[in-house]
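Here's the structure we're looking at; comments come further down.
Letters A, B, ... are given to chains in the order of the sequence lines, protein chains preceding strands, and every chain is numbered from 1.
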Amino acid sequence: MDPIYKPEEIEPEAQAAWAGARAFAAREDAGGEKYYCLCMLPYPSGKLHMGHVRNYTIGDVISRYQRMRGRNVLQPMGWDAFGLPAENAAIANGVPPGRWTRDNIDYMRKQLKALGFGIDWSREVATCDPDYYRWNQWLFLKMLEKGLVYQKTGTVNWDPVDQTVLANEQVIDGRGWRTGAPVEKRAIPMYYMRITAYADELLAALDDLPGWPERVKTMQANWIGKSEGVRIAFPYALDNHDDKLWVFTTRADTLMGVTFVAIAAEHPLAQRLAEGRADIAAFVEKCRTGGATEAELATQEKEGVPTGFHVAHPLTGEPVEVWIGNYVLMGYGEGAVMGVPGHDERDFLFAHKYGLPIKQVVAAGDAAYDADNWQPWYSDKYGVVTVNSGKYDGLNYQQATDAIAADLAAAGCGEKRVQYRLRDWGISRQRYWGCPIPIIHCERCGEVPVPEDELPVVLPEDLVSDGSGNPLAKSDEFMHCECPRCGGAARRETDTMDTFVDSSWYYMRYTSPDADSMVDARAHYWLPVDQYIGGIEHAILHLLYSRFWTRVMRDLGLLTIDEPFTNLLTQGMVLNQIYFRRSDSGRITYYNPAEVDVRDGQAVLIADGEPVESGGLGAMSKSKNNGVDPQTLIDRYGADTVRLFTMFAAPPEQTLEWSEAGVEGAARFLKRLYRMVAEHVAQGQTAALLPDKLGTAARELRRQTHATIAKVGDDIGRRYTFKTAIAAIMELLNAVGRFEPKSEQDHAVVAEALDAAVLMLAPIVPHVCHRLWQALGHADAVIDVPWPDADAAALKRDELEIVVQVNGKLRGRIAVAASAGRGEVEAAALAEENVQRFVGGKPVRKVIVVPGKLVNVVV
RNA sequence: GCGAAAGUGGCGGAACUGGUAGACGCGCUGGUUUUAGGUGCCAGUGGGGCGCUCCCCCGUGAGAGUUCGAGUCUCUCCUUUCGCACCA
C-alpha cells in the first residue's frame with residue numbers, strides 16, 4: 001500500500017466502483033425498511049455553492065449511515081429549474097433561459113458526482129420539463145374544479161417606466177432596479193390557491209410532527225396566526241343607502257374605548273370617500289407609492305387622513321370618525337380596524353399624532369392611567385377589568401368579550417369569528433420562465449380551462465426577454481389558440497406559476513419519475529419522506545406550501561398521507577468574510593476573500609497591497625462576492641476533505657464560518673489516518689482478537705474503541721451532531737497513535753480500532769474509506785458492510801473516577817470500584833484530603849451522591 | 001414594525017436529562033526531524049494569584065432570581081442573525 005494519500009486517484013476509482021455496481025439505484029423490492037432521504041433541490045444558477053455542498057453532504061452522510069444500518073435508501077436529486085435568474089441571464093447575455101438552465105444543470109450534475117454523493121440519478125427531475133410541469137397544470141385544473149383555485153385582484157410592484165411587474169427583490173429602496181423609477185402598487189387579477197381552507201388542519205397537525213424543530217413549528221403556527229375575536233359592524237348611511245363598515249378585533253372588550261375607525265387606502269369605502277375630495281384622493285394616491293412588502297408597510301411612518309365621514313358606534317350609536325390609515329392592511333381581516341388609543345399602542349401613537357381623544361376603558365388594580373405616556377399594561381388582556389364602559393364595567397377580558405359579542409349579535413352588528421393571518425396563495429407571476437397557467441381567454445366564453453387532453457401547455461423555450469413585459473405576450477405562436485368551448489379565436493394566459501408550486505411536490509415525482517400519471521403506486525411505498533434537509537430560510541413558505549399541496553393531493557385520492565416530511569433538519573447558512581472598497585462617488589466594490597490578505601490585522605488586496613474595508617461575516621452570496629468555489633477545493637484537496645470540513649466545522653443547524661485553515665486541518669487528518677492504516681498494514685497479517693488475553697493498555701484501547709462506536713452511532717444516527725462524532729473518532733485515532741503495540745494481541749486491538757474508525761468514517765469520507773477498507777484486508781466494499789455494534793463486555797470498567805464538591809465547588813477526585821455502594825463512595829469522598837480541608841470540621845448538613853459521577857458535600 | 005433563533009478562550013465549537021466549563025479542531029508558543037522553507041513528530045496554551053506536578057480566586061453578552069449545585073431553568077435588558085407572502 002502506497003503510504004501517501006492521493007485523493008485524485010482514490011476518488012475517481014471509488015466513484016467508478018459505485019457506478020459500476022449501480023450501488024445507489026433504489027428499488028422498491030430491495031427488502032429492508034425503506035428510508036427516503038431528501039435534500040432540497042438546487043436552483044441551477046451555474047455552479048454549486050458551499051450551501052449546496054453542506055446540504056448534500058449532510059444528506060449523503062445520513063443516507064450512507066442508514067444504508068449501513070440495513071435500510072432500503074432512496075436519495076434522489078433534481079432541479080428547481082424555473083425562476084427569475086434565468087430570465088436575468090437571458091437579458092444580460094441574450095441566451096434563451098432554457099439553454100442557460102440546461103447548461104447549468106449539466107455542469108452542476110458533474111460537480112455533484114465529483115463530490116461522491118450516493119444519488120439515484122435514474123430518478124432525476126427538472127421542473128422545467130414538460131413531463132414534470134404538466135402535472136402542475138393538471139392539479140391546478142383539478143383544484144379549479146373543486147373551488148380550491150379562484151381569481152381575485154392582488155397587489156404587485158409596478159415599474160411605471162418599464163411597464164413591468166417587479167419582484168420584491170427587484171425593488172431597491174423603493175425604486176425599480178433597472179429604471180430607478182419610484183415603484184407603485186398596482187392591483188391586477190391573479191389566481192389564488194385556497195390554502196386558508198386548510199388553515200386549521202395545517203395548524204393542528206403541527207402537534208403531530210415530533211420530528212420537526214420546535215422553532216419551525218412555532219414560526220408556522222405564528223404565520224398561520226389563528227386568532228379568536230369578534231367581527232364588528234359600524235353602521236352608516238351614504239348616498240341614501242344604509243351600509244355597515246366591518247372591522248375585526250381580538251379586543252372586543254375595549255369596544256367602549258373606540259374613538260375612531262381606520263380603513264386601508266384600498267378599502268372600497270376609502271375609494272368612494274375620495275371621490276370629489278382632493279385631500280383624501282391625494283392621500284389614497286400617496287399610499288400607492290412604495291413597495292408592497294409587509295416589512296415596508298409595518299416600518300413606515302404611521303400616517304392617516306380624516307375623512308369627516310362618520311359611522312355609528314354599534315352599541316351607543318354615537319358618531320365615530322372614519323380615517324384612512326397607511327398602516328391598515330387590506331389583505332388582513334376586513335381591511336379596517338377600530339381605533340382604541342387607550343389600549344393599543346399603535347392607535348395610541350396615531351391618536352397623539354393627530355390629536356384624537358384617548359379613553360381609558362380597562363384598569364389594572366390601582367395603577368394610574370396617564371394618557372400622555374404609554375405603559376405596557378394598557379394593552380394587557382389578563383389581570384385587568386373594564387371601566388368607563390357603562391353596563392360592561394367590572395368584567396374581565398373573557399366576560400367583557402362575551403357580553404359585548406352577545407349584544408352585538410342581538411343588534412345584528414357582530415359575531416364571534418376565528419381569523420387567520422394566513423392569506424390565500426397568489427400563484428400568478430407576470431413572467432416568462434415558469435409553468436404556464438393552463439387557462440384560455442375567450443372574448444365570448446371568458447376564462448376557459450385548457451382541457452385535460454391538451455396538457456401540457458408547453459412553454460416555448462427559445463424566447464429572449466428584453467426586460468420590459470413578458471415575452472410570452474409577444475409570441476404569437478404561444479398566444480394565439482382556439483377556445484376549447486366555442487372554437488373561436490382566443491388567447492392564452494401569459495402568467496406563469498410561482499416557482500413554489502414546482503417545489504411543492506417534486507419529492508413525490510422522484511418516487512415515480514416516469515409515471516404517466518402525477519404519481520403512481522411507488523409513491524405509496526416511499527412517501528412520506530423520512531428525512532428532509534434544507535435551509536432554515538424555507539422554514540415557512542416552502543414547507544407550508546408543501547404541507548398544503550400534500551393535503552390537496554390526498555383529498556383528490558392521489559395519496560394516503562397527511563404530512564410529506566416526517567423529520568426535518570434545517571441547516572444553517574455558510575458564512576465568509578466580506579471585504580469592500582467605497583469609491584468617491586459612494587459606489588461599493590466587493591472583493592472575494594481569496595483576493596485579500598490580512599497583515600497585522602489590516603486587510604489588504606493582494607493585487608495592489610492597498611487596504612480594503614472589512615464588512616464582517618455574512619452569508620456567502622454573489623452580491624457580496626464572498627463565495628468559495630467548491631470546485632477549486634475539490635481540485636486542490638479532494639472531495640473527502642471538503643466533506644469532512646463541512647461536517648466538522650459546525651453543527652448542521654448552526655451557521656458555518658468558512659475557514660481555509662480548517663480545510664487544511666481536515667486534509668491533515670485524512671493524511672494522518674491514511675498513514676496510520678498504511679503503517680499498520682505494513683506490519684503484515686494480524687492475529688484473531690482474543691478479548692480475554694489483553695494487557696491493561698490494550699484493554700483500555702479496546703474499551704475506547706467500543707465506547708466510540710456507541711457514541712458515534714448515537715451522534716450520527718440520533719443526534720445529528722456530526723462534529724462530535726468526528727471528534728470522538730479523532731480521539732480514538734489519537735489513542736491508537738499513543739498506543740505502542742508489543743504483542744500479536746496488541747496488533748489485533750489496533751486492527752479492531754482501525755476497522756471501526758474506517759467504518760464509522762465511511763458515511764462522511766466515503767472515497768478514502770473505500771480504499772482503506774480494502775487495504776485493511778476486507779473483500780466486501782465498505783458501502784455494503786453493516787454499521788459496527790459496540791461490545792457491552794468491552795465497555796465495562798473496574799474503577800470509576802468520582803468528582804467531589806463541597807458546597808457545589810469542585811474540591812477533589814476519588815477513584816472508587818465500579819461496584820462500590822453509596823455509603824462506600826460517600827465515605828471515600830469525605831476522607832479525601834482537600835475535601836477535609838474545606839469541610840474544616842463544620843457539621844455536614846447533607847451529602848448528595850450522583851451515582852458514578854459526583855458527590856456534593858453541603859456544610 | 002411583527003415573528004423566530006443565537007450569544008461560551010485568540011477563532012470554530014463541546015458540555016445530550018440542572019452535576020468536572022472549554023472535548024475535538026484551528027491558531028499561537030517552545031522543542032525536534034529536514035540543506036532550507038513547507039510537511040511530519042513532541043510538549044504547552046481561558047484570565048489572574050501562589051510557596052508553581054500541589055492549591056486558591058475569577059470566568060459562559062449584562063443584571064436579577066430559583067437550587068445543595070446554573071452555560072443549561074425563570075424574569076428584565078443588550079447585541080447579532082434569519083423570515084415577513086413576487087429571490088429561491
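Using a 4.0 Å heavy-atom distance criterion, A/K711 is classed as a base contact. Heavy atoms of A/D715 sit nowhere under 4.0 angstrom from any nucleic acid atom.
Atoms CD (A/Q654) and C1' (B/A15) sit 13 Å apart, rounded to a whole Å. Following rounding to the nearest Å, A/F669 (CZ) and B/U39 (P) show an atom-to-atom distance of 19 Å. When rounded to the nearest whole Å, the span between CG of A/N807 and C1' of B/U67 equals 13 Å. In this structure, the CG atom of A/L329 is 16 Å from the P atom of B/G1, given to the nearest Å. Across the protein-nucleic acid pair, A/K842 atom NZ and B/C68 atom C1' stand 15 Å apart, rounded to whole Å.
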Where protein sits on nucleotides 81-88 of chain B, one letter per nucleotide: B base, S sugar-phosphate only, - none, heavy atoms under 4.0 Å: -SSBBBSB

B/S/- contact track for nucleotides 19-30 of chain B, protein heavy atom under 4.0 Å: BB--BBSSS---

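Side-chain atoms of A/R718 come within donor-acceptor range of the base of B/C16, with a qualifying N/O pair under 3.5 Å.
The main-chain N or O of A/S504 is found under 3.5 Å from a side-chain atom of A/Y507 such that the two form a donor-acceptor pair.
One finds a salt bridge joining A/E660 and A/R636 here, because a Lys/Arg side-chain nitrogen approaches an Asp/Glu carboxylate oxygen to under 4.0 Å. Salt bridge annotation for A/R822-A/E826: present, with a cationic side-chain nitrogen under 4.0 angstrom from a carboxylate oxygen. Contact check on A/D344 versus A/R251 returns no salt bridge, with no Lys/Arg side-chain nitrogen under 4.0 Å from an Asp/Glu carboxylate oxygen.
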Under 3.5 Å, which donor-acceptor pairs do the side chains of residues 807-816 of chain A form with other protein atoms, sequence neighbours left out?
| unit_1 | atom_1 | unit_2 | atom_2 | d |
| --- | --- | --- | --- | --- |
| A/N807 | OD1 | A/V859 | N | 3.0 |

Side chains of residues 41-49 of chain A: which donor-acceptor partners sit under 3.5 Å, not counting sequence neighbours?
| unit_1 | atom_1 | unit_2 | atom_2 | d |
| --- | --- | --- | --- | --- |
| A/Y43 | OH | A/A86 | N | 3.1 |
| A/H49 | ND1 | A/G51 | N | 3.1 |
| A/H49 | ND1 | A/H52 | N | 3.4 |
| A/H49 | NE2 | A/H52 | NE2 | 3.3 |

What are the atom names and distances for every N/O pair under 3.5 Å that joins the protein to nucleotides 50-53 of chain B?
none

Can you check nucleotides 57-61 of chain B for protein contacts, nitrogen or oxygen pairs under 3.5 Å, and list what you find?
| unit_1 | atom_1 | unit_2 | atom_2 | d |
| --- | --- | --- | --- | --- |
| B/C57 | OP1 | A/R811 | NH2 | 3.2 |
| B/C57 | OP2 | A/R811 | NH1 | 3.2 |
| B/C58 | OP2 | A/K809 | NZ | 3.3 |

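Applying the Watson-Crick and G-U wobble criteria (two distances, each under 3.5 Å), B/A15 pairs with nothing in any strand.
A distance of 13.5 Å separates CG of A/L297 from CE of A/M330, quoted to the nearest 0.5 Å.
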